Amino acid sequence: MSDTRYLDWPFLDERHRSLARALDAWALGNAAHGHGPDVDAECRALVRSLGTAGWLRHAVGGVEFGGAGDALDTRALCLIRETLARHSGLADFAFAMQGLGSGAISLAGTPAQKQRYLTRVARGEAIAAFALSEPDAGSDVGAMACAGRVDGADVVIDGQKTWISNGGIADFYVTFVRTGEAAGARGISAFIVDADTPGFEVAERIEVIAPHPLARLRFTNCRVPLAQRVGAAGEGFKVAMRTLDVFRTSVAAAALGFARRALEEALARATQRRMFGQTLADFQLTQAKLAQMATTIDSAALLVYRAAWLRDQGQSITREAAMAKMVATEGAQKVIDDAVQIFGGLGVVSGHPVERLYREIRSLRIYEGATEVQQLIIGRDLLKAFGAPRT
Ligand SMILES: Cc1cc2nc3c(=O)[nH]c(=O)nc-3n(C[C@H](O)[C@H](O)[C@H](O)COP(=O)(O)OP(=O)(O)OC[C@H]3O[C@@H](n4cnc5c(N)ncnc54)[C@H](O)[C@@H]3O)c2cc1C
């Protein structure tokens, strides 16, 4: 573990510090930065090993359902994502999706749903996915068209979801559909759809710059028992937003992990690379760059752990989570770009750690709310607090 002074910050408790140190030691031996071409197999293996080692207990809430605590511990989630991202983007992804995919069940599921799904998620025996986005409803979630029609004791789902992480390898998908109790966001409900449900299919796999399982899903006359609904009818949008409030902060933490790794790589390279009779690190231009990178990382870390700490105190963190995600993801992109610059030609060689980081970070500025969406959330919240009339 490199610079760990931030672990002494007052946002964290002793149990968080020991968790971060133990995970770092585990990740050194079990989560390599590079991975082979078969991301499906690697993700399945990572989920199993994260489950066996006990780390996935932190991805679910409820001790009686396999969780590490009775509620999701946002600071633990963030420290785990930050640490895994520093070692391996795919390991972070595998952990994060177990949490995001089952998050709605942790927050709003029935005891029976928790027993059936969370226990297996925590052991790494079931892979979870979160299906909200659609081809015509990404940033504008309220434009969702995938429809759920109640028929007796079932809901019948027809439509599509896209950009679904773990699509193709998940055992179940928490799927948000328009059930029409009211107009717009108040007419959406969440259902757990098992991957073997008739009428559910993976319509297309999607290849992205930092490979991980991703797919477009199709639902055709897909019949799911109403008992699979998570939260009340018409409350699906609220359930999605509550889930995203937790996991958005953890996306920021993952960005932080990528940025920390980039800085570590840059420091190692700058102090070793000789040029003009000295090392690259001896030049003040390089020191200025390293200083900016470190300051960007610490600013992001303060926002991440403030948001996580506030949520763990039971406070609403919509504004703070948005600030953390915006600053950490945008800042990490710049830090990683600076690291690539410090490496020169080596920084763009396929498979080099900083080249991988350069690809890994990009989509974090888009998913779980693009940066522009975070700006809107912050701006609206400021105006609301100021008492400005809603437009
Ligand atoms: C790698 C990856 C994994 C993903 N995993 C999942 C998943 O597991 N589950 C899931 O449900 N979804 C997932 N998504 C989808 C993701 O949440 C959406 O891509 C995201 O919400 C943006 O939607 P969109 O792609 O349709 O872009 P659009 O909604 O078309 O937005 C395009 C761009 O418009 C800009 N923009 C948006 N709103 C505004 C505004 N109000 N004003 C000005 N500019 C604006 C932003 O720059 C944005 O990037 C994933 C996406 C990616 C890339």
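Whatever order the structure lists ligands and atoms in, that order sets their numbers, starting from 1. Remember, predicted model here, so these are calculated numbers, not experimental data.
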Visitor: Evaluate Trp163 for polar contact with ligand 1, using N/O atom pairs at a separation under 3.5 Å.
Guide: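 Yes.
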Visitor: If you count heavy atoms of other groups shown closer than 6.0 angstrom to CD of Glu64, is the number above 12?
Guide: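 Incorrect, the count does not exceed 12.
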Visitor: Kindly confirm or rule out an N or O of Leu132 lying under 3.5 angstrom from an N or O of ligand 1.
Guide: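 Between Leu132 and ligand 1 (N or O atoms, distance only) the closest approach is under 3.5 Å.
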Visitor: Quick one: which ligand 1 atoms are inside 4.0 Å of a heavy atom on Ala370?
Guide: 46 (C), 48 (C), 49 (O)
Visitor: Heavy-atom distances under 4.0 Å decide this one: backbone, side chain, both or neither, for His212 against ligand 1?
Guide: side chain
Visitor: Checking ring-ring contact (aromatic ring centres under 6.0 Å, His included) between Phe172 and each of Phe200, Phe130, Tyr117, which is the one that passes?
Guide: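 Of the listed options, the one satisfying the test is Tyr117.
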Visitor: Could you tell me, atom by atom, which parts of ligand 1 come under 4.0 Å of a heavy atom of Ile366?
Guide: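 Those qualifying, in numeric order: 19 (O), 20 (C).
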Visitor: Say whether Leu376 and ligand 1 are in contact under the criterion: heavy-atom distance to a ligand atom below 4.0 Å.
Guide: yes
Visitor: If you measure from each non-hydrogen atom of Thr371 to ligand 1, which part falls under 4.0 Å: side chain, backbone, both or neither?
Guide: neither
Visitor: Which bit of Ser363 gets closer than 4.0 Å to ligand 1, counting heavy atoms only: side chain, backbone, both or neither?
Guide: side chain
Visitor: Does a side-chain heavy-atom distance below 4.5 Å link Gln272 with Arg269?
Guide: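 Side chain of Gln272 against side chain of Arg269, heavy atoms only: no contact under 4.5 Å found.
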Visitor: Is the contact between Ser133 and ligand 1 made by the side chain, the backbone, both, or neither, using heavy atoms and a 4.0 Å cut-off?
Guide: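 The answer is both.
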Visitor: With a 4.0 Å cut-off, would you call Asp171 and Arg120 a salt bridge?
Guide: no
Visitor: May I ask you to establish whether Arg260 and Tyr6 are in a cation-pi arrangement, using a distance under 6.0 Å from NZ or CZ to the six-membered ring centre and at most 45° from the ring axis?
Guide: yes
Visitor: Does a side-chain N-to-carboxylate-O contact under 4.0 Å join Arg149 and Asp158?
Guide: no
Visitor: Show the atoms of ligand 1 that are less than 4.0 angstrom away from any heavy atom in Leu214.
Guide: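 Counting from 1, the qualifying ligand atoms are 3 (C).
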Visitor: Could you list which atoms of ligand 1 come closer than 4.0 Å to a heavy atom of Glu368?
Guide: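 It comes down to these atoms of ligand 1: 17 (O).
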Visitor: Check this for me - ligand 1, Tyr367, N or O atoms closer than 3.5 angstrom, yes or no?
Guide: no
Visitor: Protein heavy atoms near atom 34 (O) of ligand 1, is at least one of them under 4.0 angstrom away?
Guide: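 No, there is no protein heavy atom closer to it than 4.0 Å.
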Visitor: Polar contacts were defined as any N/O atom of the residue lying under 3.5 Å from an N/O atom of the ligand; does this apply to Met97 and ligand 1?
Guide: no
Visitor: Heavy atoms only, cut-off 4.0 Å: how does Asn166 contact ligand 1, side chain, backbone, both, or neither?
Guide: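 Neither; no heavy atom under 4.0 Å.
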